[in-house]
Protein chains: 2
Amino acid sequence: MVKMSDVARLAGVSTMTVSNVLNGRRSVNTEIRRRVLEAVKESGYVMNRSARTLRTGTTGVIGLAVPALHHAYFAELGGRVVAQAAQLGYRVTVEQTGAHVQGEIDAVALARTLEYDGLILSAIGIGPEEARFLNQSIPLVLLGEKLFEETVDHIAMPNSKGTRAATVHLASQGCKRIAWASSPAPVGETHNVVVDRLLGYRQGLADAGLSEDPGLRVPMDHLTMRDAAEGIRQMGKNGVEFDGVVAVTDAVALGIMRGLADLGLRVPQDVRVIGYDDIEQSEFSTPSLSTIAPDHEWMVSAALTLLTERIKDRSAPGRELVAPFRLITRESTS
Amino acid sequence: MVKMSDVARLAGVSTMTVSNVLNGRRSVNTEIRRRVLEAVKESGYVMNRSARTLRTGTTGVIGLAVPALHHAYFAELGGRVVAQAAQLGYRVTVEQTGAHVQGEIDAVALARTLEYDGLILSAIGIGPEEARFLNQSIPLVLLGEKLFEETVDHIAMPNSKGTRAATVHLASQGCKRIAWASSPAPVGETHNVVVDRLLGYRQGLADAGLSEDPGLRVPMDHLTMRDAAEGIRQMGKNGVEFDGVVAVTDAVALGIMRGLADLGLRVPQDVRVIGYDDIEQSEFSTPSLSTIAPDHEWMVSAALTLLTERIKDRSAPGRELVAPFRLITRESTS
DNA sequence: CTGAAAGCGCTAACAG
DNA sequence: CTGTTAGCGCTTTCAG
């Protein structure tokens, strides 16, 4: 492998001059600069990033930790982060945490080994203690989780506001018995996506003057299409009556619609369904799915802004930004 | 940051002994070993990987280059690669190539900077020349592309066999006018996914004793759900008659089903639809989608096996493995 | 079985 | 504007 000193020799200059030309750090005489660039091209030199990293302590790599890449929401998020980070000169390494708190901490433990300049953590089960711990190790931005923790940067989703709007929308379409489709709220967790979105559902029911019926919880263990489909089939077979379903995510909503089809119930005529996330599939499902659409590009852009600023200044106070959202109405509720 | 020499001092040994304990390279006295491990724990030491990389020339990172992470197929692939690579002690950096040949070459150019120990390239438009070039730079495994190029490892998909089986299946269900839904085969490319799958469709028609009708090509520019939906709507509005659609991917098939719903056509009563890939959504769409299901876990496992062997021996001849597949019949063709 | 010295390729800091 | 020196933290090599 040709190295910087080889290029320097070829161009008849010192290694530092090559470094300066390649990094644009100091101004270099135009003629020398030209000679250096020619030598680089001629020799096929590529920089050894490990050497630079060892010296500077920065890697140019951002870590993105998500529960599971194969979930459409996180895949779409990943695509956006990779693309936007590239614009900023960063590369992205994707970690899968498996939706466990331990996995999330592990992702950061990895990050501590100087692999990442910063980490975007799309957390599911993380609490304030963990967040504080993580934040000390590495520049960190939490994505999608609402924490009442002043020291950690995070981009919060409009969780309760979103499901509240979704629930009110169903009521405005005439639904009277609106079910909630989600895995159970984890015990003891107070500021979790599932908890917050459930809260919004309740507020929405209250806004619409509807009372909450515990029988209208779709039984499911995990936030998967499979569990959602099975859960709603179970409810249907048990003779529970409902005319609307608010789902905690679009994936769950798609599973619900699948299960309703199995029950012979029509969407939206018999049951209206609304999700949350606006994944790509929602626009093309049959029927197409109404949903709460947080502004994804904005979220990723904001997360990267917070992260790059945090990388520059580790001591600045933590900031919270809440993503804007829109209610998108499609066939499933019309 | 605490470093290896700090641990050594704390344990009262030399740096080399710490290195040996941590890497299990040489056998170390049990008592000393214990002291070292304790010192590691006490000091909170984590290794600086850049330093190791600089010294050893290996990174422990595998690159995965895919056209776009937000496509369900590549997202699922990415999840599997990340998970399986982790089992082997590798981490994965995801690159998005944007489905352009240049992007694919760029991904490898990056890899040359010693960032990756190897690269898995899920290629779309890559040809033999590019592949040969790439292969010289870095251990490389092509995924999903069939190349008649002896020197490059690749995991081929059963492209033409798959769509052939899909087409024959539609015919066996009584379809007489079977359309082909795909972006156009790129001019001049001979061994491209789209080309191979189209070939299989033709073979399938021949097997079934059906003649090919050029009017039964769904007009679409890109392999997106949107283009598929619009394309089939266009065909319908133009009065083209058809009773089956073979789609080049599941995403395209889902778009087709969306478009058929807009046309008021029922699946499978009026039109039967089959896809290729077996993405998760296909099981839960309404109607659920019949598809050609290559063995994904097998493919990833095989790709990683080839890659790790290639990393060990750069001079071994290239190997080609073809993934097994199954025809999965669901509601869309029954 | 353990240690000392050298050096991987780059850049910060200082010198000219 | 350009060059020299030193050293980032680890592992390879050689010596004990």
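In what follows, every chain begins at residue 1, and chains take the letters A, B, ... in the order their sequences are listed. Small disclaimer: the values here were computed from a predicted structure and weren't measured.
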### Query
Does OP1 or OP2 of C:dT11 have a side-chain N or O of A:Ser19 closer than 4.0 Å?
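Affirmative; the distance criterion is met.
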Quick one: [X] [atom1] to [N] [atom2], roughly how many Å, whole number?
X	N	atom1	atom2	value
B:Asp6	D:dC8	CG	P	11 Å
A:Arg49	D:dG9	CZ	C1'	19 Å
A:Arg9	D:dT4	CZ	P	14 Å
A:Asn48	D:dC8	CG	P	18 Å

### Query
Do you know which of A:Val141, A:Leu140, A:Leu142 makes side chain to side chain contact (heavy atoms under 4.5 Å, CB included) with A:Leu119?
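When A:Val141, A:Leu140, A:Leu142 are each tested with A:Leu119, the side chain to side chain contact (heavy atoms under 4.5 Å, CB included) holds only for A:Leu140.
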### Task
Determine to 10° how strongly the helix from C:dC1-D:dG16 to C:dG16-D:dC1 is bent, judged from the axes of its five-pair ends.
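Roughly 30° between the end axes, to the nearest 10°.
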### Message
Categorize A:Arg55 for me: base, sugar-phosphate, or nothing, with a 4.0 angstrom heavy-atom threshold over every strand shown.
### Response
base
### Query
Reckon B:Asn20 touches a base, only the sugar-phosphate, or nothing at all at heavy-atom distances under 4.0 Å?
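Nothing, no nucleic acid heavy atom in range.
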### Message
Within residues 10-17 of chain A, which residues have any heavy atom lying less than 4.0 Å from an atom of DNA chain D?
### Response
A:Val13, A:Ser14, A:Met16, A:Thr17
### Task
Flag the pair B:Met299 / B:Arg80 as yes when at least one side-chain heavy-atom distance between them is below 4.5 Å, and no otherwise.
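No, side chains not in contact.
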### Query
Heavy-atom contacts under 4.0 Å between residues 32-42 of chain B and DNA chain C, which residues?
B:Ile32
#### Entry: Residue A:Ala51, side-chain heavy atoms: nucleotide from D:dC10, D:dT2, C:dG9 that is nearest
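Among the listed nucleotides, the one closest to the side chain of A:Ala51 is C:dG9.
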### Query
Would you call B:Arg34-B:Glu31 a salt bridge at under 4.0 Å N-O?
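Looking at B:Arg34 and B:Glu31, the cut-off is met.
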### Message
Looking only at the side chains, is there a donor atom on one of A:Thr59 and A:Asp117 sitting less than 3.5 Å from an acceptor on the other?
### Response
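A pair is found: one side chain offers a donor N or O, the other an acceptor, under 3.5 Å apart.
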